[in-house]
Visitor: 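One structure coming up, written as structure tokens, with questions to follow.
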Amino acid sequence: MTVTEAVKLSGLTPSADYTGVETTDDFLLAVQTEASQTDVKNWVVCADHVREHSGALNASTSDNTYIRTGPVTTKGSVQRTLSIQGDRYVGDAFQDFLLSHKIAFGSGQSVVVPYVYFSLRTGKGEKGEGALILTSDVGGSAGANATFAADFKGIGTPAEFDYNTAVAG
């Protein structure tokens, strides 16, 4: 599924003016799986049979104690991380890419992919690059669906992303 297809299927029209509750299902993660996908609207969405793509921001910090001030924590750079888990589904473009030999056994730049992560409600989020790291390719008990798990670790500071101006506009 592409970004355009996912937005259409959601039934939502991203609006910067949206106010209210956002649910986990309102957030969309998509990656560029092929160099020919030059437009974000054609990137592949992480969605089919995915139970979770929880986002986290991991900040580096340093602690120092100063005369008359006492302990002070200084915030450094921040890394975007996403934990992805789901049931295996052959034929889903995202899973086929994630579970490919290239990603499963790749290293360095071969597993770095461009991504967007944004709210379907507001259209706002981020665009950057990160390492796609497959951590489990076949999990589950006898008789259960086969599962997979991956970590996505952002590289550098992502750019602000607005679906309304980048894709829909």
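Atom set for the values below is all heavy atoms of this structure, side chains included, hydrogens, waters and symmetry mates excluded. Predicted model, so just to flag it, every value in this text is computed and none were measured.
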Visitor: Rounded at 0.5 Å granularity, tell me how far CG in Leu99 sits from OH in Tyr89.
Guide: 14.0 Å
Visitor: Can Val45 and Val3 be said to form a side-chain contact (heavy atoms from CB on, under 4.5 Å), step by step?
Guide: CA-CA 6 Å; Val45 174; Val3 170; 4.1 Å; yes
Visitor: For the pair Trp43 and Thr2, evaluate side-chain contact (heavy atoms from CB on, under 4.5 Å) and give the outcome as yes or no after the intermediate values.
Guide: CA-CA 5 Å; Trp43 290 7; Thr2 66; over 6 Å; no
Visitor: Considering all heavy atoms of both residues, which atom of Leu134 and which atom of Ala104 are nearest to each other, and what is their separation?
Guide: CD2-CB, 3.8 Å
Visitor: Can you name the nearest heavy-atom pair linking Asp87 to Phe148, along with the distance?
Guide: O-CE2, 3.7 Å
Visitor: Atom OG of Ser136 and atom CZ of Arg88: how far apart are they, to the nearest 0.5 Å?
Guide: 9.0 Å
Visitor: Are Val7 and Val40 connected in a single hydrophobic cluster, I mean Ile/Leu/Val/Met/Phe/Trp/Tyr linked by side-chain heavy atoms less than 4.5 Å apart?
Guide: yes
Visitor: Going only through I, L, V, M, F, W and Y residues with side-chain contacts under 4.5 Å, is there a path from Leu82 to Leu98?
Guide: yes
Visitor: Can you find a pair of side-chain heavy atoms, one from Val72 and one from Asn64, that are under 4.5 Å apart?
Guide: no
Visitor: How many angstroms lie between atom CE of Met1 and atom CG of Asp92, to the nearest 0.5 angstrom?
Guide: 7.5 Å
Visitor: Using side-chain heavy atoms (C-beta onward) and a distance below 4.5 Å, is Val112 in contact with Ile155?
Guide: yes
Visitor: Quick one: does any side-chain atom of Arg80 pair with a main-chain N or O of Phe152 as donor and acceptor, under 3.5 Å?
Guide: no
Visitor: Is there side-chain contact between Ile133 and Lys153, with at least one heavy-atom pair below 4.5 Å?
Guide: yes
Visitor: For residues 98-115, pull every pair meeting side-chain hydrogen bond (donor to acceptor under 3.5 Å, both in side chains), keeping only residues two or more places apart or in separate chains.
Guide: Tyr115-Glu126
Visitor: Do Tyr117 and His53 have side chains that approach each other closer than 4.5 Å (heavy atoms only, starting at C-beta)?
Guide: yes
Visitor: Any non-hydrogen side-chain atom of Thr81 less than 4.5 Å from a side-chain atom of Gln79?
Guide: yes
Visitor: Looking just at side-chain N and O atoms, do Asp151 and Thr135 make a donor-acceptor pair shorter than 3.5 Å?
Guide: no
Visitor: Under a 4.5 Å cut-off applied to non-hydrogen side-chain atoms, are Thr122 and Glu22 in contact?
Guide: yes
Visitor: Please examine the side chains of Ile103 and Phe97, heavy atoms only from C-beta on, and report whether any two atoms are closer than 4.5 Å.
Guide: yes
Visitor: Just by distance, do the side chain of Asp26 and the backbone of Thr23 share a donor-acceptor pair under 3.5 Å?
Guide: yes
Visitor: Atom CG of Asp162 and atom NZ of Lys127: how far apart are they, to the nearest 0.5 Å?
Guide: 12.5 Å
Visitor: Do Leu12 and Tyr18 have side-chain heavy atoms sitting under 4.5 Å apart?
Guide: no
Visitor: What are the two closest non-hydrogen atoms of Pro14 and Asn164, and how far apart are they?
Guide: O-OD1, 2.8 Å
Visitor: Kindly indicate, with the supporting measurements, whether the criterion side-chain contact (heavy atoms from CB on, under 4.5 Å) is fulfilled by Leu29 and Ile84.
Guide: CA-CA 10 Å; Leu29 168 65; Ile84 304 165; 3.9 Å; yes
Visitor: In Å and rounded to the nearest 0.5 Å, what is the OG to NZ distance from Ser60 to Lys75?
Guide: 9.0 Å
Visitor: State plainly whether one hydrophobic cluster holds both Phe161 and Phe27, where clusters connect Ile, Leu, Val, Met, Phe, Trp and Tyr through side-chain heavy atoms under 4.5 angstrom apart.
Guide: no
Visitor: Assess whether side-chain contact (heavy atoms from CB on, under 4.5 Å) is satisfied between Arg51 and Thr147, documenting all intermediate values.
Guide: CA-CA 10 Å; Arg51 286 182 268 119; Thr147 62; 3.4 Å; yes
Visitor: Do any N or O atoms from the side chain of Glu129 and from the backbone of Pro158 form a donor-acceptor pair under 3.5 angstrom?
Guide: no
Visitor: If only atom types and distance count, is the side chain of Gln32 paired as donor or acceptor with the main-chain N or O of Pro114 below 3.5 Å?
Guide: no
Visitor: At their closest point, which heavy atom of Ser10 faces which heavy atom of Leu120, and how far apart are they?
Guide: CB-CD1, 3.9 Å
Visitor: Treating Gln95 as the side-chain partner and Asp48 as the backbone partner, does any N or O pair qualify as donor plus acceptor under 3.5 Å?
Guide: yes
